[in-house]
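Everything on this sheet refers to the single structure shown next.
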Amino acid sequence: QNDLGSATSPPRSSCGMIMRASIVMWAGVAAVVAASADPSYELGVGIADATGPISDVIMMGMANAAQVNAGIHTRLWARALAAHDPATGKRFVFVSLDAGMGGIVLKNRVMKELASRLPGVYTDENVGISGTHTHSGPSGFLQDTIFQFAGSGWQPHTIDAMVNGVVNAITAAHTNLAPAKASLAVGELRNSSINRSPSAYLLNPEAERALYTGDTDLNMTVLRIDSAADKALGMFAWFAVHPTSMNNTNLLVSGDNKGYASYMVERMHNGATSAGARPGAGPFVAAFGATNLGDVSPNILGPHCRDTGLPCDFDHSTCNNRTEQCSAFGPGVDMFDSTEIIGQRQVDSATALFETTKDLGGGIDFKHAYVKMPGLAVTDPVTGALAGTLCSAAMGDSFAAGTIDGPGEFDFTQGANSTNPFWDFIVDLIHKPTPAEERCQEPKKILLPTGDINFPYPWGPDVLPVQLFRLGQLVLIIAPTELTTMAGRRLRAHIRAELVASNVLSEAEGTVVIAGLANGYADYTTTFEEYQQQRYEGGSTVFGPHQLNAYIQEFSKIARDMGANTTPTTSAPPVDFSDKLSKNKTLTVDHLPSGAKHFGDVLLDVHPTATAGGVAIAKFAGANPVNNLQPEGTFAEVQRCAGTESPCTSWVTVAVDSDWDTRIRIAKTKVDVVYKARTWQIEWHLPSTTTSGVYRLVHHGTSYAKPLLGSGKLTPYTGVSSPFTVA
């Protein structure tokens, strides 16, 4: 049973206690891990840096052309779990990636690299890659044209960083395979999410809504991995909330609230940077993945009009009949504070459940198929009668209205179709929907018929992957979409029933979890009833009103295949046309800002003293970060003097650019009409527990120069601030 938490935030000092008190254990699930459990399979975890460009690329998620990244708050990571059953030879690897979503191109390129590194081990069928759905990562890795318009086009640096990170994480997890134990707990986390389309949720049948106590899915599901010797190795957790605590004004690359949760749990087990354990370097891996978060916001103070402070219109999320001023906020004083609060609540819930897990039992399996979506005949999952067919993909008017986490522009409104003839004219210029297409998508008014536009390349996907992984009594539904709360509940319930009927899972202990935005991406999935209101999520349910039942149908097929140990029927894989897109990774010559003679020069030195709770800032003459993304490294360090000599000659690193307390902001200034220079601002937000001593800020970068004749040259540089004292 789920419940909707209060929209107000408790005092920060009591958050941990309140979250622990609010966890409700499901009967039969909460039990201490049996130390004597016999590991029947091998498990391994791995983590690797997947940080892409941190400057000059539009963030993926908000489709906001003004949200061009210009720095970094935390690095982006790929976290992998490899599983192998020696008795059957079956294996899979699951990856949770700090990115907007997974994608077909990402999956294909990962498979190509794995075929070289680990030939014959992993295939398209037993590898699953799920994006956490942070909206503060770089765009440029989805091939379909609609998503390139939503970002900075195709960005080879982005996709390459993601592929390298995922492959390195999988390789590490595979290398770490050893006899191990898996256990699970499911609880409830309250006061960390709200439904951002509650009026659409209310259209679901009253009897169905009565099965649950709230309009968001509050399940916190925690998978614990222990070695055969009972050493904790990892945690994979799923909780339904959008990583949009960092709003559409944020310009710093960030894992958002899920990234914060992963960082904190890994730090608890591996130690802090100041103790010699940099983020991403420790043996313990903690992933907080995406699940049915489609209509779930972390901004729990709810939507209000920014100009008046009044609540937004309930049905349409508007202020004076327009969307632009309607935004949701909270619970913190700013977006960094809100990210920390919502992230910490996930930490508190997951770590409490981590100590109450129940052994999952043995057995590993996987099933995978591709499904051609447009034209697919869909049956009702209850009656078996034909419900309809899927439409060619199309985005509705309300897609352009955005959400309370990131409102759109112009005159589009959630839950209403535009009456402006200008937009009809624009749509008809691109591709005029046929009467049959319009009837198929009703009541959606088609804004962009993405499935029917192929110039210069296809605008939207038409073939999608469906996949199931089983680890004992846990099954992951690996889906290429963002399911709303009730859509996810329905899908889970139907697939669990199929798996129980097929004797794959037991009625008493079988658990099914959705791992969303995985292996591909095809926007949102609402229930049939929610679709009728055409809020943002309904307008983004691209294949029409029967899309959820189509997913239930196709996942049910491969669930039955898992029970019967048969090979799924599959469509041909989607066409990967990314090799036709830009391959340009040409670097541009770097220029020095005014006042600098060398890259790394200090332009603004740090104040000679700082206090715990304050901020230390220095500015450096810097270069384009894409010259060297510093994989597994850092653009910045906070160092403390380890000796007593003056001047200090022995420094130790206490924070890097993936630590929560550091921020890097990159500003560009004109050198002349054509060229620009970069200034790097390194910030250290001193924790309240900062040890007194002498510190300094360090910036690492790589500059690029190219003479008129000859090859270009990359040159590493380092800038160092003056020492400063923390009393």
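The analysis underlying the following values was restricted to heavy atoms, covering all of them including side chains, and did not include hydrogens, waters or symmetry mates. Since we're looking at a predicted model, the values are computed, not measured. Heads up: numbering here begins at 1 and tracks the sequence.
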Set out, in order, the CA-CA distance, both residues' side-chain angles and the distance that settles side-chain contact (heavy atoms from CB on, under 4.5 Å) for Arg470 and Lys367, then state yes or no.
CA-CA 9 Å; Arg470 179 173 77 87; Lys367 293 296 173 183; over 6 Å; no
Start with the C-alpha gap between Tyr260 and Gln346, add the side-chain angles, then the distance that decides, and say whether side-chain contact (heavy atoms from CB on, under 4.5 Å) holds.
CA-CA 9 Å; Tyr260 175 87; Gln346 293 177 71; over 6 Å; no
Which value, rounded to the nearest 0.5 Å, describes the distance between Phe239 atom CZ and Leu353 atom CG?
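One finds 11.5 Å between CZ of Phe239 and CG of Leu353.
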Could you state the interatomic distance from CZ (Arg489) to CD1 (Ile514), rounded to the nearest 0.5 Å?
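The CD1 atom of Ile514 is 11.0 Å from CZ of Arg489, to the nearest 0.5 Å.
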Could you tell me whether a side-chain N or O of Glu529 sits under 3.5 Å from a main-chain N or O of Leu203, the two making a donor and an acceptor?
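Not a single qualifying donor-acceptor pair exists.
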Taking the side chain from Asp256 and the backbone from Met246, do they hold a donor-acceptor pair closer than 3.5 Å?
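Checked: pair present.
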Walk me through whether His546 and Thr389 qualify under side-chain contact (heavy atoms from CB on, under 4.5 Å).
CA-CA 7 Å; His546 303 295; Thr389 59; over 6 Å; no
Are side-chain N/O atoms of [X] and [Y] paired as donor and acceptor at under 3.5 Å?
X      : Y      : value
Tyr201 : Gln533 : no
Asn204 : Tyr212 : no
Glu537 : Thr526 : no
Thr134 : Asp98  : no

Option among Asp217, Thr481, Thr216, Asn219 that satisfies the side-chain hydrogen bond (donor to acceptor under 3.5 Å, both in side chains) test with Asn292:
Asp217
Taking the side chain as every heavy atom from C-beta outward, state whether [X] and [Y] have any atom pair closer than 4.5 Å.
X      : Y      : answer
Lys107 : Val166 : no
Val504 : Asp365 : no
Met101 : His133 : yes
Leu505 : Val512 : yes

With side-chain contact (heavy atoms from CB on, under 4.5 Å) as the criterion, how do Phe366 and Leu476 come out once you've worked through the C-alpha distance, each side chain's angles and the decisive distance to 0.1 Å?
CA-CA 9 Å; Phe366 60 89; Leu476 297 182; over 6 Å; no
Derivation of the side chain to side chain donor-acceptor pair (under 3.5 Å) call for Thr525 and Gln547
CA-CA 7 Å; Thr525 300; Gln547 182 172 304; 2.7 Å; yes
is_close_aromatic(Phe469, Phe92), centroid dist under 6.0 Å:
yes
Just checking Tyr524 against Phe399, ring centres under 6.0 Å apart?
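No; Phe399 has its ring centre 6.0 Å or more from that of Tyr524.
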